[in-house]
Amino acid sequence: MIKNQQLSSYQLCLAIVAFIFGSVAIFSPVLSAQQDAWLAHVIGWGGGFLLISLYAGIALLNPNMTLIDVLKSHFGEYLGSIIGLLYVWYGLHIASLILHSFSEFMVSVNYTETPTVFIVISVLIPIFYGLRKGLEVCIRVNQMSMIFLVATLLLTILLSIPLFDLGHLLPFLEFGFKPILKGGLHLTAFPFGETVLLLMIFPCLKKQKDLLKISNLAVFIAGLLLLLNLLKDLLILGPDIMSRHLFPTYMSVSMIPQAVLEPIVSANLLISSGFQALLCIFAALVGIAQIFGLDDYKPLVLPVVAFVASLSFWVHESYPEAFTWSVKYWTIYSIPFQLIIPVILFGLSLIKKNKKWTVNT
Amino acid sequence: MIIGLTIGYILMMIFDIPLIIKSNKIKKVIILYLTISLLGFTLSLLQILDKQPLSPSNLIAKIIDTFVK
């Protein structure tokens, strides 16, 4: 089911960029670092390169194998399946958090009278349709929408240049290195570390030897776009307002004179968050199908999407609660999924490869 | 709301019948389909009745607070 899907290097690169850009477009976890948030972002960005290289390394050492295949191959059928189910849960959890954040944003700034359930269902309908049609279809749609996303983001940045106040970057290191390192660590976990789920689609890349290069290029592009977005917010709003406002990107764009660009922020968030949620649900679906030995994931799309809708309402009561929880617990919760298990897999893959090489020689 | 939810899930299953019948391992697909649907339905029903269990985020927070902090 996954081997029939073929992606070009360009398509995979854009998919990773959209995945990373996701919900970080509206809220960045480095805001607590105040005026040094840009430095925290650079540190987190560096961590992102390390993590994506780790995941690409696992994929290259286990060619044409998804994450579930690798888990079963190295940990055995049963333990591999159990850990696989944990990753399925992880994917569904991320998707529900994205939907929750997005729907709260929409209700807060645009559709104040609209029930949240309607917004969640409206987003899930195209996601369901895309999943039923297949990954290639979704990736091609993303190819087109990413052009819009990048162009509009650069447009908002260019138009906001007259509002920049470089004094908002000072004083440098006012609160020391601790908030910067903390923010950087948060950014590494969210969103760069979430790319571990992309191990489910890495086997679809036609030219596997380009995987390391493409994945790092994608992290570079996504990180750069996010940094430009962050700097825009920081230089317009200042550290105090930026760190205290729930949706600083929306607020900074609303301050651009003689232009109504707020719908662009909403559209960008819809594109990137929707695609990130789609990929997370896709990873979970393929995981379920592989763990239980099904030939195709498509019959399970609708119940899983319905489950994610319920989960998005269950997971948090409100956006501030979700925000506080993410800052406090997300990084620690993600460490086994993003670091411990992948490092073990990488080590075991290396040992296996060396053993094969020794046997052959 | 409960009636709407039930009708929604029934329609969902009717919509998916042709796809399920075409699948190779029908028994497995049906079991998984019904399990996931039941999970989603139960969760939605409990939320409508305002009797939802402890959210996974709160559970994760409690586990982390117990073992890490």
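Chain letters run A, B, ... following the sequence lines, proteins first, then strands; residues in each count from 1.
- A:T195 places no side-chain N or O within 3.5 Å of a backbone atom of A:P191 that could act as its donor or acceptor partner.
- Neither the backbone nor the side chain of A:W330 comes within less than 4.5 Å of any heavy atom of chain B.
- Counting heavy atoms of neighbouring residues, nucleotides and ligands inside a 6.0 Å radius, atom CZ of A:F175 exceeds 12 of them.
- Among the candidates B:Q52, B:Q47, B:K25, B:K22, the residue making the largest number of heavy-atom pairs closer than 4.5 Å to chain A is B:Q47.
- Between A:Q290 and A:T66, the side chains place a donor N or O and an acceptor N or O closer than 3.5 Å (distance only, hydrogens not considered).
- Aromatic rings of A:F105 and A:Y319 (six-membered ring for Trp) have centroids beyond the 6.0 Å cut-off, not under it.
- The most heavy-atom pairs under 4.5 Å with chain A, out of B:I60, B:L39, B:L34, come from B:I60.
- Here B:L32 is the residue among B:I20, B:I63, B:L32, B:N58 with the most heavy-atom pairs under 4.5 Å with chain A.
- Remark: of the listed residues A:L124, A:L302, A:L285, A:L285 is the sole one forming a side chain to side chain contact (heavy atoms under 4.5 Å, CB included) with A:L131.
- Of the listed residues (A:V308, A:L97, A:V315), the greatest number of heavy-atom pairs within a distance under 4.5 Å of chain B belongs to A:V315.
- Residues forming a ring-ring contact (aromatic ring centres under 6.0 Å, His included) with A:H316 (at least two apart in sequence, or on another chain): A:H100, A:W325.
- Nearest approach of A:S310 to B:G40, heavy atoms of both residues: OG-O, 3.4 Å.
- Each of A:A306, A:G293, A:A309, A:P299 has some count of heavy-atom pairs under 4.5 Å with chain B, and the biggest count is that of A:P299.
- Only the backbone of B:L54 comes within contact range of chain A, with heavy atoms under 4.5 Å apart.
- Ranked by heavy-atom pairs under 4.5 Å with chain B, the list A:Y333, A:W314, A:F307 is led by A:W314.
- The shortest non-hydrogen separation linking A:L85 to A:I291 is N-CD1, 3.5 Å.
- Taking the centre of each ring, A:F118 and A:Y111 stay at or above the 6.0 Å mark.
- Looking at A:H186, A:K182, A:Q338 one by one, the single match for side-chain hydrogen bond (donor to acceptor under 3.5 Å, both in side chains) with A:T331 turns out to be A:H186.
- Contacts between residues 2-14 of chain B and chain A, counted as heavy-atom pairs separated by less than 4.5 Å, involve B:Y9, B:M12.
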